[in-house]
Asker: 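First the structure, then my questions, so here it is.
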Amino acid sequence: MDNAEIEEMFQALGPVTIRRIFGGKGIYHHGRILALEVYDEVLLKADAESAPHFVAAGSRQWSYEGKKAGKPVAMPYWSIPDDAFDDPDIMARWVRLAYEAALRAK
């Protein structure tokens with residue numbers, strides 16, 4: 001996914017900064033990371049407060065295979081619900097949830 005496409009997804013928040021990270025891209029707003037682009041997919045940050053919304057929308061949590069015993073390691077990033085890609089207002093809701101989770105992160 002190119003940077004212009006990512007910026008369009010997050011336009012409801014205003015400008016975002018995109019940096020190379022972990023073989024993908026980190027997406028930041030006001031210095032807070034709120035999303036990742038990995039394997040050509042944008043994943044939004046969630047926490048204990050917002051993750052239930054992602055679960056209810058059918059999103060999946062990103063995980064990777066850990067080095068110790070090959071167990072999956074769940075990360076606080078979730079797939080974007082499919083309906084958000086067709087409706088800027090729905091996308092705006094999800095990216096705002098991600099930014100709110102980023103603000104709550106320590």
Side-chain angles (χ1 to χ4, degrees):
M1 184 171 280
D2 70 26
N3 289 0
E5 291 172 311
I6 293 171
E7 290 167 350
E8 184 178 338
M9 291 175 72
F10 290 87
Q11 68 185 356
L13 291 177
V16 294
T17 304
I18 302 167
R19 293 187 234 159
R20 302 287 305 156
I21 185 171
F22 307 125
K25 298 176 183 178
I27 303 161
Y28 300 80
H29 182 62
H30 293 298
R32 301 285 185 136
I33 189 164
L34 69 141
L36 299 175
E37 187 268 340
V38 289
Y39 307 115
D40 294 322
E41 179 180 25
V42 173
L43 303 163
L44 299 177
K45 187 174 192 72
D47 59 8
E49 186 174 325
S50 60
H53 297 284
F54 286 90
V55 171
S59 296
R60 62 183 161 54
Q61 187 173 16
W62 180 51
S63 65
Y64 67 91
E65 190 173 311
K67 292 182 180 180
K68 293 184 179 181
K71 292 183 180 180
V73 177
M75 298 298 290
Y77 294 93
W78 292 75
S79 62
I80 298 171
D82 290 336
D83 61 348
F85 292 100
D86 297 324
D87 187 326
D89 293 330
I90 295 172
M91 182 65 78
R93 176 179 172 258
W94 290 107
V95 299
R96 284 188 187 108
L97 276 175
Y99 183 58
E100 290 165 6
L103 290 173
R104 289 189 293 269
K106 302 250 178 204

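Quick note: residue numbers are just sequence positions, from 1. FYI, side chains are in, hydrogens and waters are out, and symmetry mates aren't considered; it's all heavy atoms of this structure.
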Asker: Same cluster or not: are Met9 and Ile21 linked, directly or through other Ile, Leu, Val, Met, Phe, Trp or Tyr residues, by side-chain heavy atoms under 4.5 angstrom apart?
Answerer: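 In one cluster: no.
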Asker: Please list all pairs meeting salt bridge (Lys or Arg N to Asp or Glu O under 4.0 Å) that have one or both residues in residues 37-46, counting only residues at least two apart or in different chains.
Answerer: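 Counting only pairs at least two positions apart or across chains, the salt bridge (Lys or Arg N to Asp or Glu O under 4.0 Å) contacts touching residues 37-46 are Glu41-Arg60.
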Asker: Just how far is it from atom CG of Leu103 to atom CG of Leu34, taken to the nearest 0.5 Å?
Answerer: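 Here the rounded value is 9.0 Å.
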Asker: Please name the pair of heavy atoms, one in Ala46 and one in Trp78, separated by the smallest distance, quoted to 0.1 Å.
Answerer: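 Heavy atoms only, the tightest pair is CB-CD1, 3.3 Å.
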Asker: Starting from the C-alpha separation in whole Å, work towards a yes-or-no answer on side chain to side chain contact (heavy atoms under 4.5 Å, CB included) for Met91 and Ile80.
Answerer: CA-CA 8 Å; Met91 182 65 78; Ile80 298 171; 4.0 Å; yes
Asker: Distance from Ile27 atom CD1 to Leu44 atom CG, nearest 0.5 Å?
Answerer: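 Answer rounded to 0.5 Å: 8.0 Å.
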Asker: On a heavy-atom basis, which atom in Asp47 and which in Pro52 lie closest, and how many Å separate them?
Answerer: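 Nearest heavy atoms, Asp47 then Pro52: O-CD, 4.4 Å.
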Asker: Taking the side chain as everything from C-beta on, heavy atoms only, tell me whether Ile18 gets closer than 4.5 Å to Phe10.
Answerer: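 Not in contact.
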Asker: Considering all heavy atoms of both residues, which atom of His53 and which atom of Trp94 are nearest to each other, and what is their separation?
Answerer: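 Smallest interatomic distance, heavy atoms only, reads O-CH2, 3.4 Å.
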Asker: Are Leu97 and Leu36 connected, step by step, through hydrophobic side chains (Ile, Leu, Val, Met, Phe, Trp, Tyr) whose heavy atoms are closer than 4.5 Å?
Answerer: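 Different clusters.
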Asker: Please determine whether residues Tyr64 and Val38 belong to a single hydrophobic cluster, defined as Ile, Leu, Val, Met, Phe, Trp and Tyr linked transitively by side-chain heavy-atom distances below 4.5 Å.
Answerer: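 Yes, Tyr64 and Val38 fall within the same hydrophobic cluster.
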Asker: Check ring pair (Phe, Tyr, Trp, His ring centres under 6.0 Å) between Tyr99 and all other residues, then give those that pass, not counting sequence neighbours.
Answerer: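 Residues passing ring pair (Phe, Tyr, Trp, His ring centres under 6.0 Å) with Tyr99: His29.
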Asker: Looking only at non-hydrogen atoms, find the nearest pair between Ala101 and Ser50 and report the distance.
Answerer: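 Where Ala101 meets Ser50 most closely, the heavy atoms are CB-OG, 3.9 Å.
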Asker: Look only at the side chain of Glu7 and the backbone of Pro15, and say whether a donor-acceptor pair between them is shorter than 3.5 Å.
Answerer: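 Looks like no, no N/O pair under 3.5 Å.
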Asker: With distance as the sole test, does Ser63 use its side chain to make a donor-acceptor pair with the main-chain N or O of Pro72 at under 3.5 Å?
Answerer: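 No: the side chain of Ser63 does not pair with the backbone of Pro72.
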Asker: Nearest 0.5 angstrom please: Ile90 CD1 to Asp83 CG, how far?
Answerer: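 If I round to the nearest 0.5 Å, the distance is 4.0 Å.
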Asker: First locate atom CG of Asp87, then atom CG of Asp82, and finally report the distance between them rounded to the nearest 0.5 Å.
Answerer: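 Spacing of CG (Asp87) from CG (Asp82) equals 13.0 Å.
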Asker: Under 6.0 Å from the CG atom of Asn3, do we count more than 12 heavy atoms belonging to anything else shown?
Answerer: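 Counting other residues, nucleotides and ligands, CG of Asn3 exceeds 12 neighbours.
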Asker: Treating Ile, Leu, Val, Met, Phe, Trp and Tyr as nodes and any side-chain heavy-atom pair under 4.5 angstrom as an edge, say whether Val95 and Val55 lie in one connected cluster.
Answerer: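 Yes, Val95 connects to Val55 through the hydrophobic network.
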Asker: Drop me the distance from Glu49's CD to Glu100's CD, to the nearest 0.5 angstrom.
Answerer: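 Answer rounded to 0.5 Å: 7.5 Å.
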Asker: If the plane angle is over 60° it's perpendicular, under 30° parallel, otherwise tilted; pick one for Tyr77 and Trp62.
Answerer: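 Tyr77 vs Trp62 ring planes: perpendicular.
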Asker: Decide if atom CD of Glu5 counts as having more than 12 heavy atoms of other residues, nucleotides or ligands within a radius under 6.0 Å.
Answerer: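 Yes, enclosed.
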Asker: Answer yes if Phe85 and Leu13 sit in the same cluster of Ile, Leu, Val, Met, Phe, Trp and Tyr residues linked by side chain heavy atoms under 4.5 Å apart, and no otherwise.
Answerer: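 In one cluster: yes.
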Asker: If a pair satisfies salt bridge (Lys or Arg N to Asp or Glu O under 4.0 Å) and one of its residues is in residues 8-34, list it, with sequence neighbours excluded.
Answerer: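 Applying salt bridge (Lys or Arg N to Asp or Glu O under 4.0 Å) to every pair that reaches into residues 8-34, excluding sequence neighbours, yields nothing.
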